[in-house]
Amino acid sequence: MNLKRAWYVFAREVRLSPRSPLVFFAIAMPLIMTFLISSVFGSLFDANPRLGIADDGSSKVTAAALQLDGVDAVVVSDVEALRTRVEANDFDAGLVIPADFDAELAAGGQPDLEFYVSGASLASNRIILSITTIDLVRDVAGEEPPVTVVVTPVGDEDFVPIGDRLLPTMVFYAVMIAALFLPAASLVDEREKRTLDAVLVTPTRMSDVLVGKGAFAVILAVLMGLATLALNNAFAGQFWTMTLILLIGSVMMALVGMALGLWARDITTMYTAVKAGGIFIFLPVIFVLFPGLPQWIPKLIPTYYFLMPIYDIAIGGQSFGDVLPELLVAVVFCLLLIPFVAWVARWSQRQLAMTV
Amino acid sequence: MSASNVGTIIRKDFTEFARNRFFVFITLMVLVAWVAVFWFLPSSVDETVRIGITQTDLGGVLPAADGAEVAGLSLTSFPTEGELQAAVESGDDGIVAGIAFPPDFLTSLAGGTTPTVTLFVPAGLPAEQLAMVEGLIGEAAFGLAGVAPPVDPITEAVVLGTDRVGAQTSLQDQMRPLLLIMVLMVETFALSALIAVEIQERTVVAVLATPVRVVDFLAAKSIFGVGLAFTEVALLALLIGAFAVNAPAIIVILLLGAILVTGFGMIAGSYGRDFIGTLMVAMLFMIPLMIPAFGALFPGSSPVWITILPTYGMVEAVIGVTIDGDSWSQIAPALLMLAAWGLAAFAAGALILKRRVATL
């Protein structure tokens, strides 16, 4: 391998990148995925009960409801709108508070309170909102319960909310698209258009091409990984450690991508292989999402060894030393992949020679 | 238009599609994976909050204190505080919190003193559930102290719409339209890639140098595209039980959906300069087209902008038939909307492809 010629290949990749839909794809997709995963799936798995309130008299109950933790309370304009939206299941329940509600409550009365429930709301949400409503009204009435409640947390102190468990999914997409998909598609494209043949008749060797393309993909993947972590505020004060982990993960993915790009006979085959193999390399992410599954299974997948260190540092608060053993395994995988990629490259060159 | 020419082009396309055995194998494998994911999803909805308690003689003030279950709440008695804590810690039997009433709870209240209740909660208990359990303890104490609640939303609630308690829509049922649309979207890309290759490699020019006319070419691509998309989505629908209720309606919906994606596939294929370019253009269509199916996963009505998206009618119709058991007349508006979008996309796709072919 010649570093100068590898640099030329790298520089060409950088120069052509603004015009490349592939690079745009590699930059745009992780951002779209971050948005979709965090905003759509985060709230899907962790939905709060929804309470609509039609308040004719600016009741203190309404003000207190809007401050509730874990309940999405919304004030609507009138009772008819509330009924319509409860029926459409926009709210699990709807509360109608008459104008003189607080005054009647203060006078010790039992004011009327209309409580609508959506037919499609869960029974658990109905009971939660009912008891919460009683609690709110008692608070406003100044009734203190004749009991002291001492909350004692028990069990798994390592519990992680679903929103945090989605972090590896987002990092995975950022690294996978830029580091794996980009060099694979680029190599297949160059072989299909025969520009690779043209390059290889110059003194540039296949190893120079692979190093140049790989370096570009790795740098882009690291940058996209860092951007994803920044968007999720997940550096945990360890920027350089995260950068190192992303670098190792990106190198691993880029090696897989290059092997794939050299092997696939056309872009359709490559895309199909990514579609199928994606399920395999995505597996560790699924096991993070569902911690109840047997956790020895994802350890069989190489991507585990760079995704878990990121997760352990960002969410678990671990240090570089804690994740070092996993990182070393990732490095071993990278080292094992290098001769494999070299072998596929030689095989690919023989194929090219036969078709010229 | 010559039926013979159209048939020949369709056979050519099918041969090209089937020749790549790896592609066919993986396409089927992905289909199997989606089916596996579908059947892995929960087929029922657990609507009950399960709470453990150490007292069993509070039936007068706590609903279901003696083991009976009221809608949405179930109380389970444990003999000792230690066993209660262990149950909460292990999460067995779905116990989400444990209320350890002290042995002197009743006498303390009767004596006018304030008893202390220990509430065991697991890490990650949602805030609304914690507030509810605390409220429940307070209500038990109020009840024993003879202080009735100033309002009673539990028994006076008015249910609006069809009451689904005990028969909620499972995640499996909610995912059905999404899976069907996802497979159709993948076919959008597959068809656009087939068309893009014909344009990039100019094989269409070679085809049109024969007695084949442009209209034959367009008809063949349309029939092959609709057939490919429909076959795959119908197979998936069969495997995920979408035909269990009103199969003819589902067939019509899927056929219209296949026409819709074929139109978009032709547009994407006409504009794509290479594989990635085609993928990008196809993605521009795929992402908005999938939004209505994602929206169906969330409760409540969709925002207005979602209701005008082309696949909204398809999602509404599939949900109407498979979940609500709607009749033909009830899904007619959604079907008409889907048909209108399908025809518009198809006409636009055919026109754009025709113009693209003419420029070669």
Side-chain angles (χ1 to χ4, degrees), chain A residues 21-22 24-25 40 44 48-49 68-71 83 86-90 105 110-111 113-120 122-124 126-128 130-135 137-138 141 143 145-157 159 161 185 189 267-269 271-272 275-276 279, chain B residues 20 22-23 26 29-30 33 47-49 71-73 85 88-89 109 114-124 126-129 131-132 134-139 141-142 145 149-151 153-154 156-165 168 193 275-277 280 294 297-301:
Chain A
L22 252 175
F24 175 75
F25 183 69
V40 176
L44 181 65
N48 290 332
L68 281 174
D69 194 14
V71 173
R83 284 183 67 105
V86 170
E87 192 164 358
N89 196 27
D90 290 344
L105 202 61
Q110 291 205 317
L113 187 89
E114 287 179 69
F115 192 75
Y116 300 125
V117 170
S118 169
L122 298 177
S124 50
R126 297 181 191 190
I127 197 91
I128 286 170
S130 299
I131 292 176
T132 302
T133 300
I134 296 173
D135 220 23
V137 174
R138 283 208 193 266
E143 293 177 2
V147 63
T148 303
V149 179
V150 178
V151 178
T152 308
V154 296
D156 186 8
E157 290 173 4
F159 173 83
D189 192 46
I267 201 88
T268 313
T269 308
Y271 177 73
T272 312
K275 221 165 59 169
I279 296 170
Chain B
N20 192 339
F22 178 71
F23 185 80
I26 294 301
M29 205 186 87
V30 170
E47 300 185 69
T48 305
V49 179
L73 182 66
Q85 184 174 351
V88 175
E89 199 164 339
L109 277 173
T114 304
T116 298
V117 171
T118 304
L119 173 59
F120 296 112
V121 293
E128 70 274 13
Q129 289 193 14
M132 184 206 74
E134 287 181 320
L136 199 65
I137 296 168
E139 282 312 303
F142 275 124
V151 292
I154 297 176
E156 291 176 4
V158 177
V159 178
L160 300 177
T162 308
D163 196 346
R164 286 189 179 276
V165 165
Q168 296 287 351
F275 177 85
I276 296 299
M280 294 285 295
F294 274 112
L297 295 175
F298 294 91
S301 50

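Every chain is numbered from 1 and lettered A, B, ... according to where its sequence line falls, protein lines coming before strand lines. Remember, it's a predicted structure, so these values are computed and weren't measured experimentally.
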Would you call [X] and [Y] a side-chain contact if the rule is heavy atoms closer than 4.5 Å?
{"X": "R138(A)", "Y": "E139(B)", "result": "yes"}
{"X": "L160(B)", "Y": "R83(A)", "result": "yes"}
{"X": "V151(A)", "Y": "E134(B)", "result": "yes"}

Quick one: closest heavy-atom pair of P49(A) and G70(A), and the distance?
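Shortest heavy-atom contact: CD-O, 3.2 Å.
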Less than 4.5 Å to any heavy atom of chain B: does that hold for the side chain of [X], its backbone, both, or neither?
{"X": "A185(A)", "result": "side chain"}
{"X": "L68(A)", "result": "neither"}
{"X": "E143(A)", "result": "both"}
{"X": "D135(A)", "result": "side chain"}

When L136(B) is tested against each of L119(B), L73(B), V49(B) for side chain to side chain contact (heavy atoms under 4.5 Å, CB included), which residue passes?
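Of L119(B), L73(B), V49(B), side chain to side chain contact (heavy atoms under 4.5 Å, CB included) with L136(B) is met by L73(B) alone.
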Under a 4.5 Å cutoff for heavy-atom pairs, which residue among V71(A), T133(A), T132(A), L113(A) has the most contacts with chain B?
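It is L113(A).
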Return yes if some donor-acceptor pair links the side-chain N/O of R164(B) with the main-chain N/O of L122(A) below 3.5 Å, else return no.
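Side chain of R164(B) to backbone of L122(A), a donor-acceptor pair under 3.5 Å: no, none is there.
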Below 4.5 Å, heavy-atom pairs only: which of P115(B), G135(B), G138(B) has the largest tally toward chain A?
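Looking at each of P115(B), G135(B), G138(B) in turn, P115(B) comes out on top.
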Interchain contact, T162(B) with chain A, by part (heavy-atom threshold 4.5 Å):
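Only the backbone of T162(B) comes within 4.5 Å of chain A.
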